[in-house]
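First comes the structure, then the notes that go with it.
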Amino acid sequence: MINTGMLKFKNIDDKYGHLTPIESRNDIPFEIKRVYYITKVEAGVTRGFHSHRKLHQVLVCLNGTVKIRLKNPDEEEVVELNDPSKGLYIGPYIWREMFDFSEGSVLLVLASEFYDENDYIRNYDFYLEEAKKRF
Ligand code: T46
């Protein structure tokens, strides 16, 4: 889908375990200004239901599994994240919903900007109206 994509990170795997390095700009397509993570999501809960106007993000499921529903005005797809060496890039004007968090799952998010509530579009009708002008 436009403005989305899967990134594969280096995986250093030896008898001592796994190590995945992620370098700002080298491994992801922007400079990281903010990091947050989502944990302890109970079964049946869906988060998200919004789009961003400027923000670029990469989502990495460090433990367990989580599904991400991505939408633009013309398309919809569901991506399952279950590998800590892969990241889902989500750019501007993509609607996202995160659901089916497995017990103990950890969703890490790398973001291109500091938190700004004005960058969110949380109403789906307003999202469609703005996004249709962009795509
Ligand atoms: C996104 C998906 C993947 C902050 O104060 N600072 C922050 O950096 C963030 C991300 C959130 N918040 C506050 C805003 C809300 O009062 O934390 C509360 C929960 O945020 P929200 O309902 O937006 O959480 P999600 O899980 O629906 O969405 C989050 C990100 O907000 C969003 O950018 O793309 O994860």
Side-chain angles (χ1 to χ4, degrees):
M1 182 184 290
I2 191 167
N3 269 4
T4 67
M6 287 302 301
L7 307 176
K8 178 80 181 91
F9 306 123
K10 204 187 299 175
N11 196 13
I12 302 166
D13 193 3
D14 59 26
K15 64 180 180 182
Y16 303 105
H18 298 252
L19 187 154
T20 301
I22 301 177
E23 295 184 355
S24 190
R25 289 207 179 272
N26 288 337
D27 298 300
I28 58 164
F30 52 80
E31 192 167 335
I32 301 166
K33 282 200 183 157
R34 179 167 51 109
V35 174
Y36 60 93
Y37 37 86
I38 297 172
T39 59
K40 298 183 181 175
V41 180
E42 292 189 1
V45 170
T46 302
R47 303 182 61 111
F49 297 104
H50 61 257
S51 162
H52 287 279
R53 296 185 171 92
K54 285 193 192 150
L55 191 69
H56 300 260
Q57 298 194 107
V58 171
L59 280 58
V60 185
C61 188
L62 296 183
N63 189 56
T65 63
V66 57
K67 291 185 183 132
I68 317 292
R69 181 174 295 108
L70 301 168
K71 293 186 192 179
N72 67 34
D74 303 312
E75 299 165 278
E76 172 171 339
E77 78 177 66
V78 173
V79 175
E80 179 169 312
L81 297 180
N82 54 18
D83 179 347
S85 69
K86 288 184 181 164
L88 173 65
Y89 166 75
I90 308 179
Y93 288 101
I94 300 295
W95 187 264
R96 82 284 321 261
E97 296 163 15
M98 301 89 79
F99 64 103
D100 272 2
F101 287 80
S102 67
E103 197 180 342
S105 59
V106 177
L107 181 63
L108 173 76
V109 183
L110 311 173
S112 66
E113 304 296 335
F114 298 130
Y115 175 70
D116 176 9
E117 186 58 37
N118 293 323
D119 188 59
Y120 285 72
I121 309 173
R122 293 190 183 271
N123 175 294
Y124 192 65
D125 291 333
F126 293 164
Y127 162 72
L128 284 178
E129 203 176 304
E130 281 195 43
K132 277 179 185 166
K133 295 176 194 154
R134 259 92 194 165
F135 294 118

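All ligand and atom numbering here is 1-based and tracks the order in the structure.
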Q | Residue Arg96 vicinity, atoms of ligand 1 by number, heavy atom under 4.0 Å | A | 1 (C), 34 (O)
Q: Can you confirm whether something in the protein, heavy atoms only, sits under 4.0 Å from atom 6 (N) of ligand 1?
A: yes
Q. Nearest non-hydrogen atom to atom 31 (O) of ligand 1 belongs to which of Phe49, Tyr36, Tyr37, Tyr120?
A. Tyr120
Q | atom 11 (C) of ligand 1: nearest protein contact (heavy atom, Å) | A | Tyr115 CE1, 3.8 Å
Q. Does atom 18 (C) of ligand 1 have a protein heavy-atom neighbour under 4.0 Å away?
A. no
Q | Any donor-acceptor pair under 3.5 Å from Thr65 side chain to Asn82 backbone | A | no
Q) For atom 24 (O) of ligand 1, which protein heavy atom lies nearest, and how many Å away is it? A) Arg47 NH2, 3.3 Å
Q. Do other residues, nucleotides or ligands put more than 12 heavy atoms under 6.0 Å from the CD atom of Glu76?
A. yes
Q: Could you find the nearest protein heavy atom to atom 28 (O) of ligand 1 and give me its residue, atom name and distance?
A: His50 CE1, 3.2 Å
Q | Nearest neighbour in protein (non-hydrogen) for atom 3 (C) of ligand 1 | A | Met98 CE, 3.5 Å
Q | Which of the ligand 1 atoms, numbered from 1, are nearer than 4.0 Å to a heavy atom of Ile38 | A | 26 (O), 35 (O)
Q: Measure the distance from atom 8 (O) of ligand 1 to every protein heavy atom, then report the residue, atom name and distance (to 0.1 Å) of the closest one.
A: Arg34 NH1, 2.5 Å
(Q) Give me the nearest non-hydrogen protein atom to atom 33 (O) of ligand 1 as residue plus atom name, then the distance to 0.1 Å. (A) His52 NE2, 2.6 Å
Q. Is there a donor-acceptor pair under 3.5 Å between the side chain of Asp119 and the backbone N or O of Lys54?
A. yes
Q | atom 27 (O) of ligand 1: nearest protein contact (heavy atom, Å) | A | Gly48 N, 2.8 Å
Q) Should we say atom OH of Tyr124 is surrounded by more than 12 heavy atoms from elsewhere, each under 6.0 Å from it? A) yes
Q) Between the main-chain N or O of Gly104 and the side-chain N or O of Asn63, is there a donor-acceptor pair closer than 3.5 Å? A) yes
Q | atom 21 (P) of ligand 1 [closest protein heavy-atom partner, distance rounded to 0.1 Å] | A | Arg122 NH2, 4.0 Å
Q: Inspect the contact between Glu117 and Arg122 and indicate whether a charged nitrogen and a carboxylate oxygen are less than 4.0 angstrom apart.
A: yes
Q) Is the count of non-hydrogen atoms from other residues, nucleotides or ligands lying under 6.0 Å from Lys8 atom NZ greater than 12? A) yes
(Q) Tell me if the NZ atom of Lys86 is crowded by more than 12 foreign heavy atoms within 6.0 Å. (A) no
Q) Gln57 versus Tyr36: any side-chain heavy-atom pair under 4.5 Å? A) yes
